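Data first, discussion second: the structure below is written as C-alpha cells.
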Amino acid sequence: MRLPIHAITPETDYAEIVGWVHEVRDLGGLTFFLVRDRTGIVQVTMPKKKVPPAVLEAAHGVSRESVVRVKGPVKAIAKAPGGREIVPDEFEIVSIAESPLPLDVVGKVPAELDTRFDARFLDVRRPRIRAIFFIRSAVIQAATGFLYSRGFVNITTPKVVAAATEGGTELFPLAYFEKEAFLNQSPQLYKQMLMAAGFEKVFEIGPIFRAEEHNTVRHLNEATSLDVEVSFADHNDVMEILEDLIVAVYEHVADLCQDRLADLGVDLKIPERPFPRITYEEAIGIANRALGGNLSFGDDIGTAAEKAIGEAMGEHYFIVDWPTEIKPYYAMPYPDRPEIAKAFDLMHPRMELSSGAQRVHRHDLLVERIRAKGLSPESFEFYLKAFRYGMPPHAGWGLGIERLLMTMLDLGNIREAVLFPRDRHRITP
RNA sequence: GCCCAGGUAGUGUAGUGGCCUAUCAUGACGGCCUGUCACGCCGUCGACACGGAUUCGAAUUCCGUCCUGGGCGCCA
C-alpha cells in the first residue's frame, strides 16, 4: 500500500512510496535518492552491496524527475533528512523523465518567469511554488465556507455576454454564431439582477476578462473575482462583511497551512478589525502631503499616490466616499451630497484589492446615471428591466482573488498566483 | 495606447570593437568514490534571436523584424 511521504517517520517499519526523483547523489558504493511527492521528500539509500541486483539496475537507469515506486524497510537514521530513510528491496521506474529538464526543479539554478510558465507543470513541482496553490485552494475554501455560514447563495453567471458591464474596460469580442458577443468583465449586472430575483445574499467565484493592454505585475487579462451582493444592505454593511471575510481567510490559512507558509518563508500576520476607513478627500490629502502633488477632488488616485497612501496607512484600509464622477453608474450617490458616492475600495498597502458600493436601485436614477456616463440605457434594457418590478436596495463588492493571494503571500508578480496566467502575450499553456 | 530595458549552451549568467573557435555555475554523458544532504574530484558535450549595414575585424556599434520583461494610464 502506498504511503504518503510525510507519513513516514523514524518509527515506520516498512514503506511503499510513489513519487518523483528529486535528486540523486551517487557516492560510488552508496547512492542517495531523494524522492518527492506532494506531501514531502524522503531519502532512499542504496548501499550497492546490500540491495538486490534488479534494484541496482533500475536505479542506475533512472533520471531526475522520473516517477518511481520504491518499497523497503524504513530505518531511523539521524543523518537522513527527517531522521529516516528507505533501503529499497524493490525499485521500479513507473515513468521515465526525458533529459535535460526544461528547468531545474531543485532550484539550484533560477529560471525566469517566462521559462517557468512554458513548463509550468514542472515549475509547480517545486515545493515553494506548489505551496502557493495549496494556499490558494485553502483561501477559496475559507471564503466559501465563510459566505455559506452567513447564509449566502453560490451562483454562477454567464461569461458570454452581449454588452459591456460598464463603459471603461475593453472587452474581448467573441464569434457567437451569427451574433456579436463578448467575454464578461464582471458579474456585476447579473448579481444585481439576482437581487431583483429575491435571493438577498449571493456570491460567485469565477473568471473575469479584461482586454486591457497593460503590462504590469498586478494585472491579468483573465482574473478570478470573488463577487458578493446583499439586499437590504448599504455600503457599510458590506464593508463589514468584506473585512470579516478577509480576516476569516487569513485565520484559516494561518491555522491550516503552516507547512505551506513555511515552504514560502511567509510569516502571516492576521489583519485586525476594523480596518481604518479614510475618505477619498483624506486620501488625496495624504498623497499630496507625501508627494507634494496637487491632486484635487475628482482626480484618479494614480499608482504613486496609491503607494504613498499605502505607506502612510501600513495595513489594510478602506477609502470611502469617492467622487460619483469617477465611480461606475451603479454606485449610489449620497442623497444630500450627490457629488460623492457610497462607494469604497479595500486597499492593501501594496495595491487595491476590492471595490464596492451601495448600488443605485431606483430605476429612474439608474437611467440618469447611465446617461451621465455617456452610455445608452437601451443597451442595458435587460438589466434595467430588473429595476422596474420591485428591486430591493442592495450593496456589494468584487474582490480579486489573485491580488488577495499576492498580498497575503508577498508575491512579486500576480502571475505567480495563477497556474496558467493569461496576460498580454501568453495564451499557452 | 505611450515610455524604458532586454534577448549569449537545456537552465541561470560573464562578456561595450581584436586578448572570444566566448566566462562561470547548473545539467547531460563517462570515470573515481560507502553517509551524502547545493556531495567531492577528473574528463567530455552544449550557446551569441533573425535579417541587413558600418568596419581590415562585430556577441559588442547602427537600422529593421520578431520575441520578452517592466513602468505609466486604467483597474480586481
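We use all heavy atoms of the structure for the numbers below, so side chains are in, but hydrogens, waters and symmetry mates are not. None of these values were measured; they are calculated from a predicted model.
A cation-pi contact, defined as under 6.0 Å to the ring centre and within 45° of the axis, is absent between A:K373 and A:Y329. Taking the ring centre of A:F32 as origin, the terminal cationic atom of A:R25 falls outside the region bounded by 6.0 Å and 45° from the ring axis.
Across all strands shown, the partner of B:C56 is B:G18, judged by Watson-Crick or G-U wobble contacts whose two distances both fall under 3.5 Å. A 3.5 Å limit on both hydrogen-bonding distances identifies B:C50 as the Watson-Crick or G-U partner of B:G64. When Watson-Crick and G-U wobble pairs are counted only if both distances are under 3.5 Å, B:C2 pairs with B:G71. Base pairing analysis places B:C37 opposite nothing; no Watson-Crick or G-U wobble pair with both distances below 3.5 Å involves it. Taking a pair to require two hydrogen-bonding distances under 3.5 Å in either a Watson-Crick or a G-U wobble arrangement, B:A28 pairs with B:U44.
Remark: the separation of the P atoms in B:G57 and B:U23 is 25 Å, to the nearest Å. To the nearest whole angstrom, the two C1' atoms, one in B:G7 and one in B:U65, are 13 Å apart. Comparing B:C62 with B:U16, their C1' atoms are spaced 14 Å from each other, to the whole Å. Rounded to the nearest Å, the gap between the P atom of B:A25 and that of B:C41 is 10 Å. As rounded to the nearest Å, B:U8 and B:G40 have P atoms that lie 27 Å from one another.
Taking the side chain of A:N413 as heavy atoms from C-beta on, and the options B:G70, B:G73, B:G10, the nearest nucleotide is B:G70. Set against B:A76, B:C39, B:G27, the side chain of A:E352 has B:A76 as its closest nucleotide. Between B:C74, B:G35, B:A76, one nucleotide has an atom nearer to the side chain of A:E212 than all others, and that is B:C74. Of all nucleotides listed (B:U36, B:U26, B:C74), B:U36 comes nearest to the side chain of A:R25. Checking B:U68, B:C74, B:A28 against every side-chain atom of A:H425, the shortest atom distance belongs to B:U68. Side-chain proximity of A:L113 to the nucleotides B:A76, B:G12, B:G70 is greatest for B:G70. Comparing B:G35, B:C72, B:A28 by their nearest atom to the side chain of A:S99 picks out B:A28. Among the nucleotides B:G69, B:U11, B:G1, the one closest to the side chain of A:A111 is B:U11. In the set B:A76, B:G35, B:U11, B:U11 carries the atom at the smallest distance from any side-chain atom of A:T115. If you check B:G12, B:C74, B:C33 against the side chain of A:D26, the one that comes closest is B:C33.
Counting any heavy atom pair closer than 4.0 Å across all strands shown, A:E306 reaches a base atom. In this structure, A:D114 reaches the sugar-phosphate backbone alone: every heavy-atom distance under 4.0 Å involves primed, P, OP1 or OP2 atoms, never a base. Residue contacts shown for A:P81 include a base, since a base heavy atom lies under 4.0 Å away. Using a 4.0 Å heavy-atom distance criterion, A:L34 is classed as making no nucleic acid contact. Within the 4.0 angstrom heavy-atom criterion, no nucleotide atom of any strand lies near A:V106. Backbone-only engagement by A:G400 is indicated by non-hydrogen atom pairs under 4.0 Å involving sugar-phosphate atoms exclusively. No engagement by A:S225 is indicated, since no non-hydrogen atom pair under 4.0 Å with the nucleic acid exists.
One finds a side-chain N or O of A:K108 lying less than 4.0 angstrom from the OP1 or OP2 phosphate oxygen of B:C39. Listed pair A:T303 / B:G71 fails the phosphate criterion, with no side-chain N or O lying under 4.0 Å from OP1 or OP2. Distances shown here put a side-chain N or O of A:R218 below 4.0 Å from the OP1 or OP2 atom of B:C72. The phosphate of B:G70 (OP1 or OP2) has a side-chain N or O of A:R415 nearer than 4.0 angstrom.
Panel note: side chain A:H214, backbone A:T216; no donor-acceptor pair is recorded below 3.5 Å. Of the possible polar contacts, one joining the A:T39 side chain to the A:H6 backbone as a donor-acceptor pair under 3.5 Å is found.
When every heavy atom of A:R36 is checked against every heavy atom of A:V105, the shortest pair comes out as NH1-CG1, 3.6 Å. Closest heavy-atom contact between A:V106 and A:H22: CG2-O, 3.2 Å.
No side-chain donor from either of A:T156 and A:E204 sits under 3.5 Å from a side-chain acceptor of the other.
Along RNA chain B, the nucleotide nearest to A:I77 and the one nearest to A:L399 differ in position, and the one closer to the 5' end is contacted by A:I77. Toward the 5' end of RNA chain B, the nearer of the two residues A:T216 and A:F32, judged by each one's closest nucleotide, is A:F32.
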